[in-house]
Amino acid sequence: MVLILAVTCAVAVGNIYFPQAIGPLVAAGLHVSPDSAAAVVTATQAGYTAGMVLLVPLGDRFPHRSFLVVLLSLTGLALLAAGCAPALPALIAASTLVGLTTVGAQIVGPLAAGLVAADRQGAVIGTLLSGSTGGMLLARTFSGTLGEWLGWRAPYLVAAVLALLLATVLAFAVPTTTPSSRQPYIALLAEPLRLLRTEPDLRRSCFYQATVFAGFSAVWTCLDTSLNGTGARSVAYVPAVTRPGATLKTSTTPVASSTSDKERQLPAAGNGATGAAKPITTPDRNC
């Protein structure tokens, strides 16, 4: 079960990042400028931000299994639409929908933590984070390589099949859970803001994570800038250079998270490591 959920995290997160490696291929295939094709990546990220704010809080309101299945199904259909887009505006619209609905990783964390004993939650969340990290890093290699062989549409179509296949598997594999809240939707949207206002430790944690992600994004931006003009093939294989470090990080995350199972010294804002991995889906552990 944990392996299936880790793969779900990898696919959901990977959908945000694989378009970055095929921007030049999209530009050439749709006969637009590279700057115009870059709007596809921007639209995906904008949709993802909206999904985090507008959809993830519903993880408290609906059973996790049915919510995940719906999200993955919608993501698969949006990816299919993107892969069949006849022009750039349609691709941008479909990419926005992909980003909006591919927030399954934020639902999987609380689901998995609720299915295991408290002394294993850190290890399980670490495994899920490894899946997310692997999806984030390997998605570029996947799309760049596949795009070079079969064209820019192929990564979207393969990702659509993966999302729809996972939706089918989760519909049968994930046990039924009970929603943790009956709050109105507006109250769920406001809960993260309340927690940020009242929990200084949460604000500090969010700041740390924001700086880490900013540094991560800066690295990839510099790589892309350095390789600009060297051809799409070079950009596609950049992740292979950084794979040893990514493999080390992915392998050590579950070990580090397991340590938190033995040292639960944090207050009741989220059961050690699991608190950081339950961003918005539980009212008392939003981030």
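All heavy atoms count here, side chains included; hydrogens, waters and symmetry mates do not. This one's a predicted model, so the numbers in the text were calculated from it and none came from an experiment.
Note on residues 37-51: pairs passing side chain to side chain donor-acceptor pair (under 3.5 Å), not counting sequence neighbours, are Tyr48-Gln106. Residue pairs meeting the salt bridge (Lys or Arg N to Asp or Glu O under 4.0 Å) criterion with at least one partner in residues 202-214, sequence neighbours excluded, are Asp201-Arg204. Residue pairs meeting the side chain to side chain donor-acceptor pair (under 3.5 Å) criterion with at least one member in residues 23-37, sequence neighbours excluded, are Ser33-Ser36. For residues 73-101, the pairs satisfying side chain to side chain donor-acceptor pair (under 3.5 Å) are Thr75-Thr101, with sequence neighbours left out.
Every residue two or more places apart in sequence or in another chain that forms a side-chain contact (heavy atoms from CB on, under 4.5 Å) with Leu146 is listed here: Phe142, Leu150, Ala154, Pro155, Val158. Residues passing the side-chain contact (heavy atoms from CB on, under 4.5 Å) test with Ala6, sequence neighbours excluded: Thr127, Leu128. Scanning for side-chain contact (heavy atoms from CB on, under 4.5 Å) contacts around Ala160 gives Leu79, Leu80, with sequence neighbours left out. Taking the side-chain contact (heavy atoms from CB on, under 4.5 Å) definition, one finds that Ser66 meets it with Pro63, sequence neighbours left out. For Arg182, there are no salt bridge (charged side-chain N to carboxylate O under 4.0 Å, His left out) partners two or more places apart in sequence or in a different chain.
Counting only N and O atoms by type, the side chains of Arg140 and Gln20 include a donor and acceptor under 3.5 Å apart.
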Evaluation steps, side chain to side chain contact (heavy atoms under 4.5 Å, CB included), between Phe67 and Val103: CA-CA 11 Å; Phe67 193 37; Val103 292; 5.9 Å; no
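The main-chain N or O of Pro184 is never found under 3.5 Å from a side-chain atom of Arg61 such that the two would form a donor-acceptor pair.
When side chains are defined from C-beta on, Leu88 counts as touching Val40, because their heavy atoms get closer than 4.5 Å. For the pair Pro19/Tyr156, a side-chain contact is recorded, criterion being any heavy-atom separation below 4.5 Å from C-beta on. The closest side-chain heavy-atom distance from Val7 to Leu166 is below 4.5 Å.
A continuous path of Ile, Leu, Val, Met, Phe, Trp and Tyr side chains, each step under 4.5 Å between heavy atoms, connects Met136 with Leu5, placing both in one hydrophobic cluster. Tyr17 and Met52 fall within a single hydrophobic cluster, where Ile, Leu, Val, Met, Phe, Trp and Tyr are joined by side-chain heavy atoms under 4.5 Å apart, directly or via other members. A chain of hydrophobic side-chain contacts below 4.5 Å, direct or via other Ile, Leu, Val, Met, Phe, Trp or Tyr residues, connects Val53 to Ile107. Cluster annotation: Leu157 and Val161 are assigned to distinct hydrophobic clusters (Ile/Leu/Val/Met/Phe/Trp/Tyr, side-chain heavy-atom contacts under 4.5 Å, transitive). Leu68 is connected to Leu58 through a chain of hydrophobic side-chain contacts under 4.5 Å among Ile, Leu, Val, Met, Phe, Trp and Tyr, so both are in one cluster.
Looking at every heavy atom in both residues, Ala90 comes nearest to Pro86 through CB-CD, 3.9 Å. Ile16 and Gly99 get closest at one heavy-atom pair: CD1-CA, 4.1 Å. Taking every heavy atom of both residues into account, Ala159 and Phe18 meet most closely at CB-CE2, 3.9 Å. Of all heavy-atom pairs spanning Leu25 and Trp152, the tightest one is O-CD1, 3.6 Å. The nearest pair of heavy atoms linking Ala105 to Ser132 is CB-OG, 4.3 Å. Here the closest non-hydrogen pair linking Leu189 and Pro57 is CD2-CG, 4.0 Å.
Residue Tyr208 is found in a hydrophobic cluster whose other members, listed by chain and number, are Phe207; membership requires side-chain heavy atoms under 4.5 Å apart, directly or through intermediates. Residue Val70 shares its hydrophobic cluster (ILVMFWY side chains chained together at separations under 4.5 Å) with Leu74.
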Sequence neighbours excluded and cut-off under 3.5 Å, please list the side-chain donor-acceptor pairs for residues 167-179, or say none.
| from | atom 1 | to | atom 2 | distance (Å) |
| --- | --- | --- | --- | --- |
| Thr168 | OG1 | Leu164 | O | 3.1 |
| Thr176 | OG1 | Arg65 | NH2 | 3.0 |
| Thr177 | OG1 | His64 | N | 3.2 |

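We find the CD-OG1 distance between Gln209 and Thr211 to be 7.5 Å, quoted to the nearest 0.5 Å. Separating the CG atom in Leu193 from the OG1 atom in Thr198 is a distance of 10.5 Å, to the nearest 0.5 Å. Note that CG of Leu97 and CD1 of Ile92 are 12.5 Å apart. Values are rounded to the nearest 0.5 Å. Interatomic distance, SG of Cys84 versus CG of Leu91, reported as 11.0 Å (0.5 Å rounding). Between the CG atom of Leu138 and the OG1 atom of Thr145 there is a distance of 10.5 Å, given to the nearest 0.5 Å. For the atom pair Leu55 CG and Thr102 OG1, the distance stands at 11.0 Å (nearest 0.5 Å).
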